[in-house]
Amino acid sequence: MSTIEKAVNKQAELQQSKDGDVIADPTSLATEKQQRHDSLQQAKQSRKDYLNSATIQLDLAQLEEKNFVSLSPERRLINEELRSIKRKLLNNAFGGLSSTLEHPNLIMVTSSRPGEGKTFTAVNLALSMALEKDKTVLLIDADVLRPNVSKTLNFQAEYGLTDYLSGDDLAVEDVLLSTNVDRLKVIAAGKPHHLSTELLASEKMMKLATEFATRYPDRVVIFDAPPLLGVNETAVLASMCGQAVIVIEENQTKLAEIEQAVALLPEELAVGFVINKAHRNQGKGYGYYYSGSE
């Protein structure tokens with residue numbers, strides 16, 4: 001067989017092989033791709049609809065029994081004590097001092113050590129501020145190491161702050177939960193994450209804090225933050241807030257620990273102190289005192 005014949009036969013074999021290949025229908029591929037896209041979008045929309053429609057039903061009667069602020073017309077000692085505290089915070093956030101503070105409506109509630117009542121105080125402040133007629137309140141569980149807001153308010157959330165910060169598939173609205181208290185919304189801590197400090201220090205968190213501070217002029221944001229001593233996350237969070245409330249347990253918190261905790265905060269931060277678990281002859285033994293800000 002000549003070289004020319006071999007070349008011709010080879011070309012014929014290649015053509016036959018090529019003709020035998022199954023060529024996919026472009027229309028079929030496009031349809032399949034569109035179906036996958038539609039299915040994914042439908043799943044995302046279903047999740048978004050569920051999250052946006054979910055409302056946390058707070059057991060207000062149970063909270064009242066546990067000496068939390070009551071939303072009923074009845075005058076109670078705890079309500080009066082919280083009024084005096086929140087008034088100073090609101091004046092700092094929206095009064096004359098607000099122009100001297102950055103993000104004055106972002107308020108961090110913390111303590112020097114665990115167990116001093118910071119979550120109790122943060123939830124009470126949120127409930128008390130929700131009674132204001134011209135303010136809305138967002139309570140964020142930023143204690144991502146030991147979250148306690150959802151436990152205190154007795155609710156479960158599929159997504160929270162760490163889930164939003166660690167991924168790109170969630171919007172702020174996906175983690176923002178409404179409650180049966182008209183002017184109160186909540187963001188849970190989210191799933192535990194080994195890079196919690198880095199997440200709270202991220203550019204995404206800074207943008208989120210700025211959005212919270214500026215998007216709604218009537219909104220107060222309360223962060224239930226981790227204790228200051230031994231935890232890096234709180235100092236990072238403090239740099240984004242305009243005010244801080246440090247909760248002190250009467251006869252338990254040491255002065256040296258308070259001084260050490262305050263030293264970790266930015267100098268420009270307005271800092272107030274609340275004395276918790278104060279011994280009294282009335283009520284259930286809880287007392288709140290605000291030392292003022294500086």
Side-chain angles (χ1 to χ4, degrees), residues 54-95 105 107-111 115-141 143 147-157 176-188 216 218-225 243 245-252 272-293:
T55 298
I56 301 170
Q57 295 296 324
L58 304 182
D59 191 335
L60 301 177
Q62 186 181 69
L63 288 172
E64 185 174 328
E65 289 178 2
K66 294 181 178 179
N67 207 34
F68 283 88
V69 165
S70 172
L71 275 65
S72 68
E74 178 186 357
R75 294 185 69 88
R76 301 175 70 239
L77 177 62
I78 190 71
N79 285 46
E80 296 304 317
E81 291 169 337
L82 264 295
R83 280 193 180 100
S84 64
I85 299 170
K86 76 171 178 181
R87 195 56 54 203
K88 294 178 175 64
L89 293 170
L90 290 174
N91 285 340
N92 286 348
F94 302 101
N105 59 330
I107 304 169
M108 182 183 74
V109 179
T110 184
S111 58
E116 297 184 271
K118 65 178 184 60
T119 300
F120 181 76
T121 304
V123 170
N124 266 328
L125 278 174
L127 290 171
S128 183
M129 288 185 178
L131 291 170
E132 296 290 311
K133 301 303 181 184
D134 58 350
K135 298 291 183 290
T136 60
V137 186
L138 172 59
L139 174 61
I140 301 177
D141 193 345
D143 193 346
N148 206 30
V149 169
S150 56
K151 180 180 179 180
T152 301
L153 295 177
N154 193 27
F155 74 89
Q156 293 182 343
L176 192 66
L177 302 176
S178 299
T179 73
N180 55 327
V181 178
D182 288 342
R183 287 174 287 276
L184 175 62
K185 294 183 182 296
V186 179
I187 293 181
Y216 301 105
D218 64 339
R219 173 173 284 177
V220 179
V221 182
I222 298 174
F223 293 92
D224 180 23
Q243 301 189 70
V245 173
I246 301 178
V247 180
I248 300 169
E249 183 177 356
E250 188 178 59
N251 298 327
Q252 294 296 325
F273 298 87
V274 168
I275 300 177
N276 187 35
K277 302 181 184 179
H279 298 288
R280 290 189 163 200
N281 295 324
Q282 53 182 322
K284 293 189 177 182
Y286 292 102
Y288 289 81
Y289 306 92
Y290 191 73
S291 71
S293 57

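Note: hydrogens, waters and symmetry copies are ignored here, and every other heavy atom, side chains too, is used.
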Check your understanding: Below 4.5 Å, heavy atoms only, C-beta onward: do M129 and R183 meet side chain to side chain?
Key -> no

Review point. Do I222 and V245 have side-chain heavy atoms sitting under 4.5 Å apart?
Key: no

Exercise for review: Could you tell me the separation between the OG atom of S128 and the CD atom of E81, rounded to the nearest 0.5 Å?
Suggested key: 11.0 Å

Point to revise | Distance, nearest 0.5 Å, that separates CD1 of I187 from CG of D141 | key: 10.5 Å

Review point. Should Q243 and K88 be marked as a side chain to side chain contact (heavy atoms under 4.5 Å, CB included) after you check the CA-CA gap, both sets of side-chain angles, and the distance that decides it?
Key: CA-CA 11 Å; Q243 301 189 70; K88 294 178 175 64; over 6 Å; no

Exercise for review: Output the distance between atom CZ (F155) and atom OG1 (T55), rounded to the nearest 0.5 Å.
Suggested key: 12.5 Å

Check your understanding: Is any side-chain heavy atom of L63 closer than 4.5 Å to a side-chain heavy atom of L153?
Key -> yes

Exercise for review: Could you give me the CA-CA distance, side-chain angles and deciding distance for L125 and V137, then say whether side chain to side chain contact (heavy atoms under 4.5 Å, CB included) is met?
Suggested key: CA-CA 9 Å; L125 278 174; V137 186; over 6 Å; no

Review point. Shortest non-hydrogen contact from N105 to A93?
Key: CA-CB, 3.9 Å

Revision key, fill the gap. For E64 and S72 the tightest heavy-atom approach is OE1-OG, 4.0 Å

Review point. Can you find a pair of side-chain heavy atoms, one from N154 and one from D59, that are under 4.5 Å apart?
Key: no

Review point. So which heavy atom on N67 is nearest to which on F120, and how close?
Key: O-CZ, 3.6 Å

Exercise for review: Report the distance from atom CG of L82 to atom CG of L77, rounding to the nearest 0.5 Å.
Suggested key: 10.0 Å

Check your understanding: How far apart are the closest heavy atoms of V69 and I78, and which atoms are they?
Key -> CA-CG2, 4.1 Å

Practice item. Determine whether T152 and F68 make a side-chain contact, defined as any pair of heavy atoms from C-beta on separated by less than 4.5 Å. Key: yes

Check your understanding: Can you find a heavy atom in the side chain of N276 that is under 4.5 Å from one in the side chain of E249?
Key -> no

Check your understanding: Is the CG atom of N91 crowded by more than 12 outside heavy atoms at less than 6.0 Å?
Key -> yes

Study note, to complete from the structure: residues 116-130 vs salt bridge (charged side-chain N to carboxylate O under 4.0 Å, His left out), sequence neighbours excluded, gives K118-D143, K118-D224

Review point. Mind checking whether S70 and N79 have side chains closer than 4.5 Å, heavy atoms only?
Key: yes

Revision key, fill the gap. Closest heavy-atom pair, L127 versus L71, reported as atoms and distance to 0.1 Å, is CD2-CD1, 4.1 Å

Review point. Between atom CD1 of I275 and atom CD1 of I246, what is the distance when rounded to the nearest 0.5 Å?
Key: 12.5 Å

Practice item. Determine whether T121 and I85 make a side-chain contact, defined as any pair of heavy atoms from C-beta on separated by less than 4.5 Å. Key: no

Review point. To the nearest 0.5 Å, how far apart are CG in L184 and CD1 in I56?
Key: 8.0 Å

